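Treat the numbers as computed from the prediction; the structure is a model and nothing was measured. Residue numbers begin at 1 in each chain, while the letters A, B, ... track the order of the sequences. Note: hydrogens, waters and symmetry copies are ignored here, and every other heavy atom, side chains too, is used.
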4 protein chains.
Amino acid sequence: MAPRTAKQYEEIKRKKSSLIIDTALLRFSEDGYKSTSMQSIAKEANVSKGNLYNYFESKEALLESVLRYGLDQFSAFYEQISSGISSEKKFEHAIRSNFDMIKSNKVFWKLYFNLISQPSAQLLFTKIIGPFLEEYMKVFETYFRKKGDKNPAVTALLLGSTMDGVSLGYIMMGEMYPLDDIIDQLIEKFK
Amino acid sequence: MAPRTAKQYEEIKRKKSSLIIDTALLRFSEDGYKSTSMQSIAKEANVSKGNLYNYFESKEALLESVLRYGLDQFSAFYEQISSGISSEKKFEHAIRSNFDMIKSNKVFWKLYFNLISQPSAQLLFTKIIGPFLEEYMKVFETYFRKKGDKNPAVTALLLGSTMDGVSLGYIMMGEMYPLDDIIDQLIEKFK
Amino acid sequence: MAPRTAKQYEEIKRKKSSLIIDTALLRFSEDGYKSTSMQSIAKEANVSKGNLYNYFESKEALLESVLRYGLDQFSAFYEQISSGISSEKKFEHAIRSNFDMIKSNKVFWKLYFNLISQPSAQLLFTKIIGPFLEEYMKVFETYFRKKGDKNPAVTALLLGSTMDGVSLGYIMMGEMYPLDDIIDQLIEKFK
Amino acid sequence: MAPRTAKQYEEIKRKKSSLIIDTALLRFSEDGYKSTSMQSIAKEANVSKGNLYNYFESKEALLESVLRYGLDQFSAFYEQISSGISSEKKFEHAIRSNFDMIKSNKVFWKLYFNLISQPSAQLLFTKIIGPFLEEYMKVFETYFRKKGDKNPAVTALLLGSTMDGVSLGYIMMGEMYPLDDIIDQLIEKFK
DNA sequence: AATGAATGAGAATTCATTCAT
DNA sequence: CATGAATGAATTCTCATTCAT
C-alpha cells in the first residue's frame with residue numbers, strides 16, 4: 001500500500017503535538033512542572049510514553065514548547081499596543097486587554113507563576129518570556145513620560161509589578177478575587 | 001563526666017532543630033522544595049540522614065516547620081500594626097516596615113513565592129500563612145475606610161496585590177530592582 | 001511511464017540492500033554494535049525505519065549480513081592461497097596480502113574486533129567467520145610442516161595469534177602503529 | 001542504641017564494595033559492558049538497585065573501579081620487571097609471569113578485550129590502562145636494545161602485539177588453545 | 001517497497017524513608 | 001539521639017520492532 005503523504009503525516013504531527021502541548025500545559029499548571037511526570041502527560045493525552053519522545057525530545061523541550069505556545073497569545077496582545085499608547089482611553093484599553101488575556105488563559109498564567117521562581121526552569125523562562133516583558137514595559141514607560149511623569153521607568157515598573165501581583169491574586173484565589181473592581185481601581189491610580 | 005541534665009538535652013535538641021530548619025529554608029529557597037533532597041539538607045546541616053527523621057518525621061513536616069518559623073517574623077511585624085493604622089505617617093511606616101521585613105529575609109520570601117503556586121505545598125501554605133494575610137489585609141481595609149474610601153476592601157486587596165507584585169519583582173530581580181524608588185511611589189499612590 | 005521490469009526492481013533492491021549494509025558496517029564499527037541504533041542506520045542510509053525491516057528482519061539479521069559481506073573479501077583473499085604456500089616468497093606474499101586486505105578494509109576489521117568478545121554476537125561470529133579461519137590456519141600448518149617444523153599446528157596458531165595481535169594494534173592505534181616495519185619483522189621471524 | 005562505629009561501617013563498605021566489583025567484573029566480562037544492566041549486577045550481588053548507587057555513582061564509575069581493581073594485579077606483576085630484564089632467563093620469566101597473570105584472571109582479561117574496541121569505554125580505558133602498557137613496552141624495548149636489536153622499539157611492539165594476540169586466542173578459545181606450547185615457541189622466537 | 005507514527009519493555013538513576021546497630 | 005546502609009517505587013529516556021496507510 002502507498003505510504004501516507006507528507007501532508008497526512010504533517011497533519012498527524014500537528015494535531016498530536018497540539019494535543020500533547022495542551023495536556024502538558026494543563027498538568028504542569030495544576031501539578032507543577034517538577035511534580036508532573038511524562039507518564040502522566042502521556043496517559044492523559046492517550047499517547048504512549050515512547051511516542052511522547054517522538055514529539056518532544058525531553059521534558060524540558062516539552063516545557064519550552066508549552067511556553068512558546070503560550071507566548072504566542074501574549075505576542076498577539078502585544079501587537080495591539082506596540083505602536084504606543086497615546087491617550088488615557090488607550091491606556092485603559094491596554095490594561096483591560098491584558099487582563100482579558102489572563103482571564104482567557106488562566107492555565108498558562110498559573111504555569112507562569114509556578115515557574116517564575118523555580119530555579120530549574122528559570123533559564124528557559126528568561127530566555128523565552130523575559131525579553132517580551134521588557135519591551136512591554138517600555139511601551140508604558142513611554143506613555144508615562146509623555147504624561148510628564150518624573151520617573152516614568154519606575155512608574156512603569158510599579159505598574160508591571162502591580163499587574164503581576166493582581167494576576168497572581170486572581171490566579172490563586174480564583175473567583176473569590178474581585179478582579180474587575182480591582183482593575184477599575186488600578187486604572188484609576190495609574191492612568 | 002556528669003551526665004547531661006534534661007535541660008541540656010532539651011537545649012541541644014532545640015539548637016539542632018533550628019540548624020536543620022535554617023538549612024532547609026536555604027535549600028528549599030534556592031533549589032525549590034521539590035528539587036531539594038533530604039540528603040542535601042542533612043549534609044549541609046551536618047546531620048545524618050537518619051537523624052533528620054528523629055527531628056522531623058517527613059519532608060513535608062520539615063517544610064511545615066520552616067514555614068512556621070518564617071511566620072514568626074511576619075507575626076512579630078504584624079503585632080506592630082495590628083492595633084490599627086491611624087495616620088498617613090503610620091501607614092507609610094507600616095509599608096516600609098513590611099518591605100524591611102522582606103529585605104531582611106529574602107530567603108524566606110523567595111520560598112514563599114516558590115511555594116505559592118505549588119499544589120504539593122498549597123495546603124500547608126494556606127493552612128499556615130493564609131489566615132495571617134487575611135487579618136493583615138483587614139487592618140489596611142480599616143485604614144482606607146476611615147479615610148473615606150468607597151470600596152476599602154478592594155483598595156486593601158489592590159494594595160496587598162501590589163505589595164505582592166513588588167516583592168516578587170524584588171526577590172526575582174535582586175539588586176536590579178529599584179525597590180526604594182518603587183516603595184516611594186507606592187506609598188504616594190495609596191496613602 | 002512504462003512499469004519497471006522485474007529486473008529493475010531486483011536491481012533497486014540489491015542496491016539499497018548494499019547501501020544499508022555499508023552504512024551498518026560503518027556505524028557498527030565506529031559506535032559498536034550494541035550502541036548503534038537501527039534509527040541511526042536508517043537515517044544515514046536515507047531509508048525509513050520501517051523499510052529497513054523489509055530488507056533485514058532484525059538488527060541481528062542485519063549484522064549477519066554485514067559479516068557475510070565482509071567475509072566475501074576474506075574469501076577472495078583466501079582463494080589465492082588455498083592451493084597451498086610452496087615457498088618463502090609465497091609465504092611472504094600471503095602475509096603481506098593478508099595485511100593489505102586489512103588495511104583496505106579497516107572498518108570491517110574494527111567491527112571484527114569489536115564483536116569478537118561480545119557474547120551477544122559471538123554465535124553469529126563463530127558461525128560465519130570461525131570456519132574460515134580454521135581452514136586458513138591449515139594452509140599455514142601445511143607450510144610449516146613442509147619446512148620441517150616439529151610442531152606445525154602450534155606454529156600456525158602462534159602465527160595466527162600474532163597476526164591477530166598486530167591487526168588489533170593497527171586497528172586501534174591507527175597511523176601511529178608502524179605496521180610496515182612490524183610486518184617485515186613478523187615475516188622475518190616466521191618465514 | 002549506639003550507632004555502629006566508623007570502623008564497622010568501613011568494614012561493611014569495603015566488603016560490599018568488593019562484592020559488587022567482583023560481580024560487576026564477572027557480568028561485564030561475560031555479557032559485555034553495554035549489555036550488562038545495573039539491575040542484573042544488583043541481583044547477582046544480592047544488593048538492591050538503589051544501594052548500588054550508594055557505592056558507585058554511575059555505571060561508568062563502577063566500570064572504572066572494576067578496571068582499577070584489575071590493574072592492581074597488572075601493577076603488582078609489573079613491579080617484578082620494572083627494574084629491567086637483564087638476561088634471557090629473566091626475559092623468559094617475564095613472559096611466563098605475564099601469561100600466569102592472565103591465566104589466573106581470565107575474567108578480567110576477557111573484559112579487557114571486550115572493552116578495547118568499544119568506543120563508549122575507550123576513554124576510560126586509555127586513561128587507566130593505556131599508560132601502564134606504554135611503560136611495560138619500554139622495559140622490553142630496553143632489553144632488545146641491549147641485545148643489539150637494530151629496531152628495538154618495533155620488536156617490542158611486535159612482541160606486545162603477539163602477546164595480545166595470544167592472550168586473545170586463549171581467552172576466546174579457552175582450554176582448546178594450547179597456551180603452554182604457544183608460550184614456549186613465542187619465547188623461542190623472541191628471546 | 002515505503003513511510004514514519006506508535007508501542008512497550010527495559011535502562012540508568014534518584015530519593016524519601018526505614019532499619020539495624 | 002545518632003549513624004549511614006538498605007530499600008523500592010518512581011522518573012526520565014532509549015530503542016527494537018510493529019502497524020496502518
Side-chain angles (χ1 to χ4, degrees), chain A residues 1-6 8-10 12-13 16-17 34-42 46-62, chain B residues 4 9 12-13 16 34-43 46-60 62, chain C residues 4 9 12-13 16-17 34-43 46-60 62, chain D residues 1-6 8-10 12-13 16-17 34-42 46-60 62:
Chain A
M1 242 176 275
R4 274 179 261 222
T5 63
Q8 281 174 307
Y9 280 125
E10 229 167 88
I12 290 174
K13 271 267 185 197
K16 193 143 283 185
S17 187
K34 257 274 172 180
S35 300
T36 301
S37 73
M38 290 298 262
Q39 180 76 270
S40 70
I41 294 171
N46 262 84
V47 165
S48 76
K49 223 191 330 171
N51 203 15
L52 217 54
Y53 285 86
N54 286 334
Y55 287 86
F56 303 94
E57 64 178 9
S58 70
K59 192 182 177 184
E60 205 176 339
L62 175 53
Chain B
R4 275 175 257 218
Y9 274 120
I12 288 173
K13 198 170 171 182
K16 190 151 281 186
K34 254 278 171 178
S35 300
T36 300
S37 72
M38 291 296 266
Q39 178 77 273
S40 69
I41 294 170
K43 201 171 178 180
N46 262 82
V47 165
S48 76
K49 225 190 316 180
N51 205 14
L52 211 56
Y53 283 84
N54 286 327
Y55 288 88
F56 303 94
E57 67 174 5
S58 71
K59 194 181 177 186
E60 206 176 340
L62 174 53
Chain C
R4 276 174 258 220
Y9 275 119
I12 289 173
K13 198 167 171 181
K16 190 150 280 185
S17 183
K34 253 278 171 181
S35 300
T36 300
S37 72
M38 291 297 265
Q39 178 76 275
S40 70
I41 295 171
K43 200 171 175 179
N46 263 82
V47 166
S48 76
K49 227 191 312 180
N51 204 15
L52 212 56
Y53 283 84
N54 286 328
Y55 288 87
F56 304 95
E57 66 176 7
S58 70
K59 193 181 177 184
E60 205 175 341
L62 174 53
Chain D
M1 242 175 277
R4 275 178 259 222
T5 64
Q8 280 175 307
Y9 280 127
E10 229 168 89
I12 290 176
K13 271 266 184 197
K16 192 141 283 185
S17 188
K34 257 275 171 178
S35 299
T36 301
S37 72
M38 291 297 264
Q39 180 75 274
S40 70
I41 295 170
N46 260 83
V47 165
S48 76
K49 223 189 329 169
N51 203 16
L52 217 55
Y53 285 85
N54 286 333
Y55 287 87
F56 302 94
E57 66 178 8
S58 69
K59 192 182 177 184
E60 205 176 339
L62 175 52

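Nearer the 5' end of DNA chain E, as judged by each residue's closest nucleotide, is the contact made by C/Lys49, out of D/Gly50 and C/Lys49. Where A/Leu52 and B/Gln39 each meet DNA chain E at their nearest nucleotide, the meeting point lying more 5' is that of A/Leu52.
The base of E/dT3 sits with one of its N or O atoms less than 3.5 Å from a complementary donor or acceptor on the side chain of A/Tyr9. Remark: the A/Asn54 side chain and the E/dA5 base include no donor-acceptor N/O pair separated by less than 3.5 Å.
The side chain of D/Tyr53 contributes an N or O atom lying less than 4.0 Å from OP1 or OP2 of E/dT13. For A/Lys13, a side-chain nitrogen or oxygen approaches OP1 or OP2 of E/dA5 to under 4.0 Å. Taking side-chain N and O atoms only, D/Tyr55 has a distance below 4.0 Å to OP1 or OP2 of F/dA6.
B/Thr36 comes within contact range of the sugar-phosphate backbone alone, with a heavy-atom separation under 4.0 Å but no base atom that close. A/Ser48 comes within 4.0 angstrom of a nucleotide base, judged by non-hydrogen atoms across all strands. Counting any heavy atom pair closer than 4.0 Å across all strands shown, D/Ser40 reaches no nucleic acid atom.
A cation-pi geometry, defined here as NZ or CZ lying under 6.0 Å from the six-membered ring centre and within 45° of its normal, holds between A/Lys13 and A/Tyr55.
Consecutive Watson-Crick or G-U pairs involving DNA chain E, each under 3.5 Å on both distances, make up stems of three or more pairs at E:2-21 with F:2-21.
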